[in-house]
Amino acid sequence: MKDGGWLVGTVRLWHVEAGGVPALMLGPLAVDRAWRSQGLGARLMAEALERARELGHGAVILVGDAPFYAPFGFSRRATLGLQMPGPVEEERFLGLELVGGALAGARGLVRPTGAFAPVEAALLAA
């Protein structure tokens with residue numbers, strides 16, 4: 001998100017395989033210090049999740065503060081069968097099913113897929 005040409009907030013979603021299930025990994029979500037506590041992070045989250053739904057993604061996982069992400073529907077319950085490749089505090093490893101049951105049966109390691117979103121692929125080709 002920009003203000004007069006200055007980047008004041010950003011969110012990134014990465015294609016991953018979550019224990020054999022396609023998903024998105026959210027992070028980072030960052031807001032310029034001067035813009036914090038004004039709802040910008042929540043607006044970025046809402047927009048990212050809406051676009052993920054529109055594009056047909058089934059689930060989003062992340063490592064973050066549960067009190068911030070819980071109002072968006074993220075919970076530890078969604079990632080119980082999954083492991084991150086490095087050390088992570090379990091209570092911070094959260095997930096959200098955009099489609100009911102999207103993470104059902106997901107067991108094992110989360111790994112990047114290297115897939116590009118159509119917009120990213122078009123930008124890299126230009």
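Count residues from 1 along the sequence.
Heavy-atom neighbours of Arg51 CZ from other residues, nucleotides or ligands within 6.0 Å: at or below the threshold of 12. Heavy-atom neighbours of Gln38 CD from other residues, nucleotides or ligands within 6.0 Å: above the threshold of 12.
Here the side chains of Pro28 and Val11 are not in contact, with every heavy-atom distance at 4.5 Å or above. No side-chain heavy atom of Leu94 sits less than 4.5 Å from a side-chain heavy atom of Phe72. You'll find the side chain of Phe93 reaches within 4.5 Å of the side chain of Val110, heavy atoms only. Looking only at side-chain heavy atoms (C-beta outward), Leu44 and Thr10 stay at 4.5 Å or farther from each other. A heavy-atom distance below 4.5 Å is found between the side chains of Leu29 and Met45. Between Tyr69 and Leu26, some side-chain heavy-atom pair lies under the 4.5 Å cut-off.
Here the CG atom belonging to Leu103 is positioned 11.0 Å from the CZ atom belonging to Arg77, to the nearest 0.5 angstrom. Here the CZ-CG distance, from Arg92 to Leu62, works out to 9.0 Å after rounding to the nearest 0.5 Å. Rounded to the nearest 0.5 angstrom, Arg53 CZ and Leu98 CG are separated by 5.0 Å. We find the CD-CD1 distance between Glu97 and Ile61 to be 12.0 Å, quoted to the nearest 0.5 Å.
Heavy-atom minimum distance, Val21 versus Ala106: CG2-CB, 3.6 Å. The two residues Ala18 and Ala23 have their closest heavy-atom pair at CB-CB, 4.2 Å. Closest heavy-atom contact between Ala66 and Glu91: CB-O, 4.4 Å. Across all their heavy atoms, Thr113 and Val16 have their closest contact at CG2-C, 3.5 Å.
The cluster map of Ile, Leu, Val, Met, Phe, Trp and Tyr, joined by side-chain heavy atoms under 4.5 Å apart, puts Leu24 and Met84 in different clusters. Hydrophobic clustering places Phe68 together with Leu13 (ILVMFWY residues linked when any side-chain heavy atoms are closer than 4.5 Å, directly or through intermediates). Put simply, Leu55 and Val99 are part of two different groups of oily side chains (I, L, V, M, F, W, Y) that touch within less than 4.5 Å, one to the next.
The closest donor-acceptor contact from the side chain of Arg107 to the backbone of Leu82 lies at 3.5 Å or more, if one exists at all.
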Q) What's the verdict on side-chain contact (heavy atoms from CB on, under 4.5 Å) for Met25 and Val63, showing C-alpha distance, side-chain angles and the deciding distance? A) CA-CA 9 Å; Met25 178 91 185; Val63 176; 4.0 Å; yes
